[in-house]
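The structure under discussion appears below in the form of structure tokens.
Residue numbering restarts at 1 for every chain, and letters A, B, ... go by the order of the sequence lines.
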Protein chains: 2
Amino acid sequence: MNLDNLFDIKGKEILKKKKEHVFIQGDKNNSLYFIKTGLLKAYYISPKGKEFVKSFITEGNIAINLSSAYFEKPCTFSLQCIEDTAMLEIPLSLIDAYRKKNHDLSNQVIDLLLEFSLKKEKREFEFLCLSAEDRYKMLSQENSDLLKRLTQNDIAHYLGITPVGLSRIISRNSVSFL
Amino acid sequence: MNLDNLFDIKGKEILKKKKEHVFIQGDKNNSLYFIKTGLLKAYYISPKGKEFVKSFITEGNIAINLSSAYFEKPCTFSLQCIEDTAMLEIPLSLIDAYRKKNHDLSNQVIDLLLEFSLKKEKREFEFLCLSAEDRYKMLSQENSDLLKRLTQNDIAHYLGITPVGLSRIISRNSVSFL
DNA sequence: CAATATCATTAACCTTGGTTAAAAAAATGA
DNA sequence: TCATTTTTTTAACCAAGGTTAATGATATTG
């Protein structure tokens with residue numbers, strides 16, 4: 001994806017250590033973050049107080065809380081570094097102002113939103129149609145490199161199950177590698 | 001949401017009866033559909049041959065298969081009428097051509113994609129953080145009018161459970177109305 | 001209307017993953 | 001390196017929802 005126009009807008013360089021938060025569920029935040037190096041997780045604390053991971057964000061990708069950035073509501077999730085992370089922080093107001101002058105940028109924003117929408121549709125499909133075990137198998141096929149950088153805790157919370165449940169799934173399946 | 005510019009582009013009027021399909025999983029389709037009256041469901045057939053409902057689309061809303069319309073891939077889901085439905089069919093190529101000339105339209109497309117993205121995020125939250133029973137309670141609080149137009153079969157497949165499971169949830173809860 | 005198809009309910013039994021707790025293993029930090 | 005924290009595994013028991021099948025209730029259609 002060509003992000004040249006987007007990065008004509010100069011962002012502020014931000015460095016965060018592992019375990020630090022970029023924003024927290026309930027805060028307000030109106031920036032977009034472009035990840036230069038590192039790894040983050042976007043996660044919810046559910047009504048029952050449990051953690052669930054919405055997504056992992058890797059180098060070259062973008063993190064944003066849509067409802068806070070676009071609609072000035074509290075953040076619906078928290079964003080935390082899993083590894084030391086370097087990113088560019090770009091206020092959405094800058095992008096929107098720039099969009100009015102630069103038609104190409106609107107098309108880039110559309111491309112980003114399309115990519116995001118398709119990812120979320122894929123995840124919807126997986127929750128609707130697949131078991132936790134199938135979701136794990138799919139993840140390990142499609143994202144084996146990412147998997148190596150994550151704890152089973154985080155993977156389990158991404159799949160919507162407990163770490164105990166994931167450990168069982170893994171031991172059930174590891175037999176077939178003998 | 002203001003869709004005036006979008007509907008400067010004249011669509012083709014389409015009428016479909018209950019149970020008829022607009023498109024089928026695997027087909028190619030590059031149009032956007034604006035629903036004038038009626039009700040449709042977008043649904044997957046899972047790898048194991050079961051039906052799961054992705055979403056219901058009501059009057060005033062838009063249906064589109066993003067990966068087919070934007071990326072010329074086969075449709076990832078089927079779109080079928082639950083009631084007799086009148087809609088406007090607008091080829092995406094028309095919208096894209098028009099976008100180049102009309103800056104406002106790009107902003108409308110961004111608004112549509114944002115709305116869609118937020119809906120999908122909400123659904124992701126519900127699958128990650130809520131039980132089937134909680135998802136049903138939420139649906140019946142937030143969409144009681146829609147619920148009346150649906151069979152329990154379709155509702156169950158939307159929640160990601162079987163009709164038998166939904167029937168149990170309803171009977172468990174209906175006791176509390178006595 | 002009768003015939004048929006669809007939808008909803010209920011019951012018995014099964015499967016997956018949740019819960020709690022304890023122990024082992026691995027990573028982190030002073 | 002030693003101590004502490006975090007992660008992973010395992011076990012016993014539990015709960016939610018799946019499966020199958022039978023029955024009844026509603027719709028639909030010839």
Rounded to the nearest angstrom, tell me the gap between atom CD in B:Glu51 and atom C1' in C:dT6.
13 Å
Between C1' of C:dA8 and CG of B:Leu150, the distance in whole Å:
15 Å
Sort out for me which residue in B:Leu113, B:Leu112, B:Val109 forms a side-chain contact (heavy atoms from CB on, under 4.5 Å) with A:Leu113.
B:Leu113
Base, sugar-phosphate or nothing for A:Lys48? Non-hydrogen atoms, less than 4.0 Å.
nothing
Write down the distance between CG (B:Leu130) and P (C:dG18), rounded to a whole number of angstrom.
15 Å
Can you pull out how bent the helix from C:dC1-D:dG30 to C:dA30-D:dT1 is, comparing the axes over its first five and last five pairs, to 10°?
50°
If the cut-off is 4.0 Å, is B:Ser167 near the phosphate of C:dA8, judged by side-chain N/O to OP1 or OP2?
no
Among C:dC7, C:dG17, C:dT9, which is the nearest nucleotide to the side chain of A:Glu133?
C:dG17
Contact boundaries on DNA chain D for chain A, cut-off under 4.0 Å to non-hydrogen atoms:
D:dT7 to D:dA12
Scan B:Lys119, B:Arg123, B:Lys54 and name whichever one has a salt bridge (charged side-chain N to carboxylate O under 4.0 Å, His left out) with A:Glu121.
B:Lys54
Where the side chain of A:Ile161 is defined as all heavy atoms beyond and including C-beta, which of C:dG17, C:dT10, C:dT19 is the nearest nucleotide?
C:dG17
Check the angle between the aromatic planes of A:His103 and B:His103 and answer parallel, tilted or perpendicular using the 30° and 60° thresholds.
tilted
Answer with base, sugar-phosphate or nothing: what part of the nucleic acid does B:Thr151 contact at a heavy-atom distance below 4.0 Å?
sugar-phosphate
Contact list (N/O, under 3.5 angstrom) for nucleotides 20-30 of chain C vs protein:
| from | atom 1 | to | atom 2 | distance (Å) |
| --- | --- | --- | --- | --- |
| C:dT28 | OP1 | A:Lys18 | NZ | 3.0 |

Check the side chains of A:Asn173 and A:Glu133 for a donor-acceptor pair under 3.5 angstrom, ignoring hydrogens and angles.
yes
is_close_aromatic(A:Tyr43, A:Tyr158), centroid dist under 6.0 Å
no
Do B:Glu126 and B:Lys122 meet the salt-bridge criterion of a basic N to acidic O distance under 4.0 Å?
yes
Salt bridge between B:Asp84 and B:Lys17, side-chain N to carboxylate O under 4.0 Å?
yes
Tell me whether the rings of B:Phe77 and B:Phe23 are parallel (<30°), tilted (30 to 60°) or perpendicular (>60°).
tilted
Interatomic distance, A:Leu159 CG vs C:dG17 P [rounded to whole Å]:
10 Å
If you define the side chain from C-beta out and look only at heavy atoms, does anything of B:Ser67 sit under 4.5 Å from A:Leu118?
yes
What are the two closest non-hydrogen atoms of A:Ile64 and A:Ser31, and how far apart are they?
CG1-O, 3.7 Å
Cluster overlap B:Leu128 with A:Leu150, hydrophobic side-chain contacts below 4.5 Å:
no
Quick check on C:dG18: is either OP1 or OP2 less than 4.0 Å from any side-chain nitrogen or oxygen of A:Arg168?
no
A:Phe52 CZ to C:dG17 P, straight-line distance once rounded to whole Å:
14 Å
